[in-house]
Amino acid sequence: MPLDAKEIRRRRSSSLVYTEPPESLEQLSDQAALPNLNADWVNAKGAWVIHFVLIVLGKILFDIIPGVSQETSWTLTNISYVAGSYLMFHYVRGVPFDFNSGAYDNLNMWEQIDNGDQYTPAKKFLLMVPIGLFLLSTHYTRYDLTYFIINTLATLAVVIPKLPAAHRLRIAFFSPPPDDA
Amino acid sequence: MDLQETQNTLVRLFNDANAQFHKMPGSAIILRYIKSSYQDDPVRSAIELLLFLFAVRYMLSPSYSTQKKVKLTEEEIDELVDEWTPEPLVAATTPTDEAENEKRPVLVGPTGPKSKLSNGRTVTNLASYNFYNFVGNEMLKEKAIQTLRTYGVGPCGPPGFYGTQDVHMKTEADVAAHLGMPACIIYAQSFSTISSVIPSFCKRGDIIVADKAVNFPTRKGIQISRSTVRWYEHNDMEDLDRVLQKVTKEQAKKPLTRRFIITEGMFENTGDVSDLPKLVELKHKYKFRLILDETWSYGVLGRTGRGLTEAQNVDAREIDMIIGSLSGPLCAAGGFCAATNEVVEHQRISSSSYTYSAALPALLATTASETISMLQEQPEILTALRDNIKAMRAQLDPRSDWVKCTSNVDNPIMILTLKPEVVASKGWNTEDQTQLLQDAVDECLTNSVLVTRVKAYPLGLGVNPRDEGWQPTPAIKVCVTSGLTKKETEKAGITIRHAITKVVKSNKWSK
């Protein structure tokens, strides 16, 4: 039995969407070798509170900039939270620590959380936060159409990749082609 | 009447619910939010409502695993357990193994240039890496005993956990100073040095370009690292250039990963040396790092035994990591990796064989320090060995009609392979050559000269023999030592040459 996943990790250059294939036996054992510190912290104590703390701090930061209206301030808070969480959960792949010999290099953090299980408490919470923030910020922007469109698009950008249907899905436009090794 | 009553009940219920809702903390906020959110725009409200409903649905969904798990019943588990027969840890001995074991010479007492076998005969030992006969050095023995009295036998702990003693730090400093490198780290076993150094720097996605003929521990290290490996033909710098060029081109658009060239200074299985100036040039040209395994050249090549860097006049700091051995010629044990401070310190917590195995016994560390200073202070030790190498070589390489020596002229390990034209004319395959050379080794032993053979790499677990990769050519290994006089060496050389000739001309092989 070939332990290498080389045979199954093939992507045709023409296809726009492809699904990350399951890991080889060797990769799975490397993943299990040590705890995944990159993703495990979302279940740690205080990990949920930090989201609210950061949002409030961001709001205060944008409020103290002179000449920024309440509408802009809320929109900026929403956008910066969304941008930060997109970068963290959906853009960066792999683990910053050398604990698993790079066995997580093809997965982003959202896919690493809870070993890829869906609808877990941590994932539910992490989906609730941007939606709640969106409802709040549209409320405080007094439903101005421009702000509303910006906020909606930003929220969708982090909600859609969190859907179970988007699990391990790669779209050529957003992600470079994978290594063949 | 009934209708009236129902209506009243409903109104009452609604009022109660309303009152309850208003009593609830935060209800005013929700009411205000809903009131202000409508704002004469049904589309926006609809989008918000949809998002809200989606959020509620997501919250209520039960969690599930995306991993494929096979559910087995108790009976199925029992059945599988019953069916399972463990593979033997060690394969059963084959008749060839048994025959080999029977003939295997057993040394009695200490090893040395003249060793006693279990059958009572004394033989000239040209099968041990005792190049300078430090084994028989009384001064070293005395120093080791002194250290033993002060420090005990072993530190009984890994270096990071009470295992490091002052003598280890001194040995590290000695090796670094000898090589002219900024820092050095000492490992407890020579074999596991490079096989642990490589994986501590490489992981999946990193690129390793390695010589096809690298020794077994290096191969193991490359394998453990899970990196992408590209092999180049043994000592072929043009091929290396081609491979590096190809790799650089392939990786140009991908995110930058770590890239290494891995090769040996003096090859264990072919005996020849690398072209270091060219390697350094290529490494700079293509921006690779160079890991050089000097296990067999440290303490042997160069005027003071500094290895290939000294022999080929290359600044050691041009090489990113020099791995070497303190066992064998230096008469101690363990290995080292000399490099910059950062590279060395990184290994202290992330190199598995350093962190997880007990530190080198103190008496071996002091022995290594001592032998290194001897090599530096008395270069005549090295010249005496080279004289013997020359004497041995004169008896074998040009004189023998059947074998040639692929080793470097300064290499005390002489690798004698059958000449290709002889092999071609007789039509011997690898197995025949192995058997013939084993016969020659046996014949040497009958004439009281103990030599050995280059052994093939063992096949990995579950690896198809087709994919075994590079294998050394069958060869006889003769280890020259300065413990013998020039005359004795010459005599042993003549014995070996005659033994080979006798075996090749014997009835078994001459047909």
Side-chain angles (χ1 to χ4, degrees), chain A residues 1-4 6 22-23 26-28 30 93-95 97-106 111 114-125 127-132 134-136 138-140 142-145 148-149 152 155-156 159 162-164 167-168 176-181, chain B residues 29 32-41 43-45 47-68 199-208 223-230 250-251 253-255 257-258 346 349-350 460-464 467:
Chain A
M1 186 182 65
L3 293 178
D4 279 42
K6 270 175 199 154
E23 271 83 18
E26 195 187 65
Q27 262 175 313
L28 284 176
D30 277 351
R93 286 192 237 163
V95 175
F97 320 105
D98 270 350
F99 284 174
N100 307 85
S101 308
Y104 283 109
D105 278 1
N106 298 317
E111 288 153 355
D114 298 322
N115 275 327
D117 293 359
Q118 297 295 345
Y119 299 120
T120 55
K123 286 195 170 176
K124 282 178 179 170
F125 170 80
L127 186 78
M128 280 320 111
V129 176
I131 290 179
F134 165 72
L135 293 178
L136 260 182
T138 46
H139 178 71
Y140 284 111
R142 292 173 222 285
Y143 302 92
D144 181 274
L145 187 66
F148 180 80
I149 290 173
T152 316
T155 308
L156 286 180
V159 168
K162 287 191 170 65
L163 297 178
H167 189 62
R168 286 167 167 265
D179 263 349
D180 54 352
Chain B
I29 301 174
R32 201 167 66 230
Y33 182 90
I34 293 172
K35 260 185 213 154
S36 64
S37 77
Y38 181 60
Q39 300 234 346
D40 288 332
D41 195 336
V43 179
R44 267 173 260 167
S45 290
I47 291 176
E48 286 189 12
L49 187 69
L50 264 175
L51 204 58
F52 178 74
L53 288 177
F54 161 74
V56 171
R57 191 183 152 267
Y58 194 92
M59 283 297 264
L60 296 178
S61 305
S63 71
Y64 66 88
S65 168
T66 47
Q67 252 121 45
K68 283 198 190 89
S200 69
F201 289 99
C202 308
K203 61 168 193 144
R204 265 191 194 78
D206 294 339
I207 312 285
I208 291 176
Q223 185 193 352
I224 297 166
S225 75
R226 280 102 162 85
S227 309
T228 312
V229 200
R230 299 273 188 279
E250 278 171 6
Q251 300 289 321
K253 282 182 187 164
K254 293 181 185 167
T257 55
R258 284 162 287 208
H346 173 79
I349 45 167
S350 57
L461 201 65
V463 176
N464 193 320
D467 310 324

> Select one option (side chain, backbone, both, neither) describing which atoms of A:F134 are under 4.5 Å from chain B's heavy atoms.
side chain
> With a 4.5 angstrom heavy-atom cut-off, which part of A:N100 approaches chain B: side chain, backbone, both or neither?
backbone
> Does B:H346 use its side chain to pair, donor to acceptor, with the backbone of B:S200 at less than 3.5 Å?
yes
> Examine the side chains of A:T120 and A:D114 and answer whether a donor and an acceptor come within less than 3.5 Å of each other.
yes
> Among B:P199, B:S61, B:P62, B:S65, which residue forms the greatest number of heavy-atom pairs with chain A at distances under 4.5 Å?
B:S61
> Answer yes if the side chains of B:S63 and A:Q118 hold a donor-acceptor pair under 3.5 Å, and no otherwise.
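Side chains of B:S63 and A:Q118: no pair found under 3.5 Å.
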> Looking only at heavy atoms and a cut-off of under 4.5 Å, which of B:F52, B:F54, B:Y58 has the most pairs with chain A?
B:Y58
> Any donor-acceptor pair under 3.5 Å linking the side chain of B:S227 with the backbone of B:V229?
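A pair under 3.5 Å: no.
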> Can you check whether A:A103's main-chain N or O pairs, donor with acceptor, with B:K203's side chain at less than 3.5 Å?
no
> Taking the side chain as every heavy atom from C-beta outward, state whether A:L135 and A:Y140 have any atom pair closer than 4.5 Å.
no
> Measure B:I224 against the heavy atoms of chain A and call it side chain, backbone, both or neither at under 4.5 Å.
neither
> Taking every non-hydrogen pair under 4.5 Å, which of B:R226, B:M59, B:R204 racks up the most with chain A?
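Between B:R226, B:M59, B:R204, the count favours B:R204.
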> Tell me which of these, A:T152, A:D30, A:N115, A:T138, has more heavy-atom pairs under 4.5 Å with chain B than the rest.
A:D30
